[in-house]
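Presented below is the structure to which this report refers.
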Amino acid sequence: MKKLILKNPKTFTEAVHDFVRGISAGKTMTYGEVAKALGKPGAARAVGTALSKNWDPQVPCHRVIRSDGGMGGYNRGMSNKIKILKKEGAL
DNA sequence: TAGTTGACCGGAA
DNA sequence: ATTCCGGCCAACT
């Protein structure tokens, strides 16, 4: 099974950013799912840390939510995040 | 190299 | 259903 990552990230953070960037609109994934998709099941915390350092609007980090269905934080504004999710139909 | 931090997860009370 | 506790992983200082 080949990985869905196109880049050659040197750090886990870069890998997370790239993967989240490729998530389709209206699709929501939990940190644990993303971590698993990267081949690191259980590294949900590392995914959160990676996204926390992500300041790039190219990365739809708003599509990544917690397993509870909630969302930790957002570097571009929480209100905007919720608004986007509703607009995409993910919420 | 070791220690601390953080947008988490799952189980138990 | 909600709140508390410990455990997991990667990055930074």
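Only heavy atoms go into these numbers, but all of them, side chains included; no hydrogens, no water, no symmetry mates. A note on names: the letters A, B, ... follow the listed sequences, proteins ahead of strands, and every chain is numbered from 1.
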*Start with the C-alpha gap between A/Tyr31 and A/Ser67, add the side-chain angles, then the distance that decides, and say whether side chain to side chain contact (heavy atoms under 4.5 Å, CB included) holds.*
CA-CA 7 Å; A/Tyr31 294 95; A/Ser67 59; over 6 Å; no
_Please find the pair of heavy atoms, one from A/Val34 and one from A/Met29, that lie closest to each other, and give the distance._
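Between these two residues, the closest heavy atoms are CG2-CB, 4.0 Å.
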*So which heavy atom on A/Arg21 is nearest to which on A/Lys7, and how close?*
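Result for this residue pair: NH2-NZ, 3.8 Å.
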_Whether the side chain of A/Thr30 engages the backbone of A/Glu33 through a donor-acceptor N/O pair (distance < 3.5 Å, no angle test) should be reported._
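Confirmed, A/Thr30 side chain pairs with A/Glu33 backbone.
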*Does A/Asp56 use its side chain to pair, donor to acceptor, with the backbone of A/Gln58 at less than 3.5 Å?*
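Side chain of A/Asp56 to backbone of A/Gln58: a pair is present.
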Value in whole Å for how far the [atom2] atom of [N] lies from [atom1] of [X]:
X	N	atom1	atom2	value
A/Asp68	B/dC9	CG	P	6 Å
A/Met71	B/dC9	CE	C1'	17 Å
A/Asp56	B/dA7	CG	C1'	16 Å
A/Leu51	B/dT5	CG	C1'	16 Å

*Is the closest side-chain heavy-atom distance between A/Val64 and A/Thr28 below 4.5 Å?*
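Side chain of A/Val64 against side chain of A/Thr28, heavy atoms only: no contact under 4.5 Å found.
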*A/Val47 versus A/Phe12: any side-chain heavy-atom pair under 4.5 Å?*
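Answer yes - side chains close enough.
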Could you run down the sub-3.5 Å N/O contacts of the protein with nucleotides 11-13 of chain B?
none

*Per-nucleotide protein contact string for nucleotides 8-13 of chain C, where B marks a base within reach and S marks sugar-phosphate only (heavy atoms under 4.0 Å, - for neither)*: BBSSS-
*State whether A/Thr30 places a side-chain N or O below 4.0 Å from either non-bridging phosphate oxygen (OP1 or OP2) of B/dC8.*
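So the side chain of A/Thr30 is outside the cut-off, no N or O lying under 4.0 Å from OP1 or OP2 of B/dC8.
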*I would like to know whether A/Ile5 and A/Leu38 meet side chain to side chain contact (heavy atoms under 4.5 Å, CB included); could you show each step before the answer?*
CA-CA 8 Å; A/Ile5 308 169; A/Leu38 289 172; 3.5 Å; yes
